[in-house]
Enquirer: 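Structure in structure tokens, see below.
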2 protein chains.
Amino acid sequence: MARAALTREEVLAAAADLVRRDGPQSLTMRGLAAELGTAVTSIYWHVGNRESLLDALVERTVAELGAIRPAGRTPAARIVSVAVTLRRRLLDHPHLVAMVHERGLTERMFLPARRALVHEVRAAGLRGTRAADVVRAVQFQVAGHVLVERDRERAPARHPVEEEPWGARTAREDPALARALARPVAPERLFALSVKALVAGLLAEPAGEGRGRPSGPGRESGANGVSRAPYSH
Amino acid sequence: MARAALTREEVLAAAADLVRRDGPQSLTMRGLAAELGTAVTSIYWHVGNRESLLDALVERTVAELGAIRPAGRTPAARIVSVAVTLRRRLLDHPHLVAMVHERGLTERMFLPARRALVHEVRAAGLRGTRAADVVRAVQFQVAGHVLVERDRERAPARHPVEEEPWGARTAREDPALARALARPVAPERLFALSVKALVAGLLAEPAGEGRGRPSGPGRESGANGVSRAPYSH
DNA sequence: ACCTGAACACCGTTCAAGT
DNA sequence: ACCTGAACACCGTTCAAGT
């Protein structure tokens, strides 16, 4: 009673289905075999092992994400839009984020946005190392935010951060601040706000950081490079 | 040949040792029992199950981290210093980061820095919602960066991001940029640069984002709020 | 070339039984 | 109150054997 010939594609598709439904941690070789109606060992012949099966899944899902097109008038706005869109796309595939993280493949998350970022950063007038820094800073920002968000929704209010020790004093001095910190985070708003600030800061600063000379206007004022004037105006 | 009475403390200490040595994923109940010279089932009596054992370990490790003291002259510099120090502390306990993430306890990572951040953000002149936004943006930035870094070092150059498709054109137009992107990331430098830019951007912008009026000087210039003048000078 | 069942070496957890 | 061994229901992977 042998079933129709099992293919690698079939295995990957079934695995993707299972992951989409219940997440990667629930994908077992035995369960997958049951789903496919084959012996567990057949799967090994087609995909090697669980590790490389998940690798293949990551690759396939990233490819499906597609490239990201910037929107907006200024380069800064367009960079922000790429970040916002990439975040949305990644959160639409929460299991991809988990898989990518568990398997040390964060780079893969960056892929859909990289080309657009490189283009926009150059459009903003940045070159060389400085341009690369901005590309990477934005990539890390998006990936980091998505990881933290994923992680938080995994544990919906486990410990409601009970009885903050600093709460009493802050509540007295700035009740609005205390109340705001007690409220749950609104991730979308926090991300938009953060990425705008980051991009504004990145485009404003020479970002020299010791090595090489700043490629910007080259002013030396400011305590330690933290508060400088915006770039190009 | 019963050993001396087993205590919960003893179990936690041995578990912490194992985690410190080989990471949380290598902590098995059976292995822990072997280390302690007891039956597996004894451990269950003291800590319930693996889940709550790891919970307790997280709590204990976070407590050991201790509070973070800001350094620097300006509020911005002090906020940056808190971020830099928290990152260092967390990276010194890589397994804590992994555990916290796997178990949806990211909030816990923020704890050592929260008090200092609240204080410094207020010293920078921010109040209410705006102050809370900055505190959280910095926390997310640190946690996100640490998660991404951890993830990357887990897979040391797995796929060297082979043959970037955008590579050819970028290499022609801006070889220095292409070279910079081909180089491995220097995480410490990237983090310092990012957090400085983020803080500069956050302190510069009213960060209104639709709800309520901006509490800053309230200028309305700039394309979409991305490039505004720095705060307070 | 592709599929199979049996077996190995693990897991976390429960439970009835001991003292 | 604390500890125990046996057992249950899982894992991923290997291997010799089939066609």
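Convention: sequence-line order gives letters A, B, ...; per-chain numbering from 1. Treat the numbers as computed from the prediction; the structure is a model and nothing was measured.
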Enquirer: Under 4.0 Å between a side-chain N or O of B/Thr38 and OP1 or OP2 of D/dC3?
Expert: no

Enquirer: Calculate the interatomic distance between A/Leu36 atom CG and C/dT4 atom C1'; express it in whole Å.
Expert: 15 Å

Enquirer: In whole angstroms, how far is the C1' atom of C/dT13 from the CG atom of B/Leu32?
Expert: 15 Å

Enquirer: Could you tell me whether a side-chain N or O of A/Arg88 sits under 3.5 Å from a main-chain N or O of A/Ala83, the two making a donor and an acceptor?
Expert: no

Enquirer: Return the stems involving DNA chain D, sorted by first number, where pairs are Watson-Crick (N1-N3 with N6-O4 or O6-N4) or G-U wobble (N1-O2 and O6-N3), both under 3.5 Å, and runs are 3 or more long.
Expert: C:4-8 with D:12-16, C:12-16 with D:4-8

Enquirer: Can you tell me how far C1' of D/dG12 sits from CD of B/Gln25, to the nearest Å?
Expert: 16 Å

Enquirer: Could you label the plane-to-plane angle of the A/Phe191 and A/His145 rings as parallel, tilted or perpendicular, counting under 30° as parallel and over 60° as perpendicular?
Expert: perpendicular

Enquirer: Taking 4.0 angstrom as the limit, do A/Glu64 and A/Arg89 come out as a salt bridge?
Expert: no

Enquirer: When the nearest nucleotide of DNA chain C is assigned to B/Arg30 and to A/Trp45 on a heavy-atom basis, which residue is associated with the more 5' position?
Expert: A/Trp45

Enquirer: If I take atom CG from residue A/Leu27 and atom CZ from residue A/Arg20, how far apart are they, to the nearest 0.5 angstrom?
Expert: 12.0 Å

Enquirer: Rounded to whole Å, please give me the gap between CG in A/Leu53 and C1' in D/dT13.
Expert: 14 Å

Enquirer: Name all pairs fulfilling the ring-ring contact (aromatic ring centres under 6.0 Å, His included) condition that reach into residues 26-52 of chain B, sequence neighbours left out, sorted by first residue then second.
Expert: none

Enquirer: Could you tell me whether the side chain of B/Arg8 and the main chain of B/Ile43 form a donor-acceptor pair under 3.5 Å?
Expert: no

Enquirer: Starting from the 5' end of DNA chain D, give me the residue, B/Ala39 or A/Asn49, whose nearest nucleotide shows up first.
Expert: B/Ala39

Enquirer: Less than 3.5 Å apart, any donor N or O on the side chain of A/Asn49 or A/Ser52 sitting next to an acceptor on the other?
Expert: yes

Enquirer: When you measure from the side-chain N and O atoms of B/His46 to the phosphate of D/dA1, is any distance below 4.0 Å, counting only OP1 and OP2?
Expert: no

Enquirer: Between C1' on D/dC10 and CG on A/Leu27, what's the gap in Å once rounded to a whole number?
Expert: 15 Å

Enquirer: Looking at B/Arg115 and B/Glu120, does any basic side-chain N land under 4.0 Å from a carboxylate oxygen?
Expert: no

Enquirer: Polar atom pairs between nucleotides 15-19 of chain D and protein, under 3.5 Å, N or O only, would you list them?
Expert:
none

Enquirer: Would you kindly give the OH-to-C1' distance between A/Tyr44 and D/dT14, to the nearest whole Å?
Expert: 9 Å

Enquirer: If you look at every strand shown and take non-hydrogen atoms under 4.0 Å, does A/Ser42 touch a base, only sugar-phosphate, or nothing?
Expert: base

Enquirer: B/Leu65 versus B/Leu90: any side-chain heavy-atom pair under 4.5 Å?
Expert: yes

Enquirer: For a quick check of understanding: with a heavy-atom distance under 4.0 Å over all strands, which category does A/Ile43 fall into, base, sugar-phosphate or nothing?
Expert: nothing

Enquirer: Nearest to the A/Arg50 side chain among C/dG12, D/dC3, D/dT13, which nucleotide is it?
Expert: D/dT13

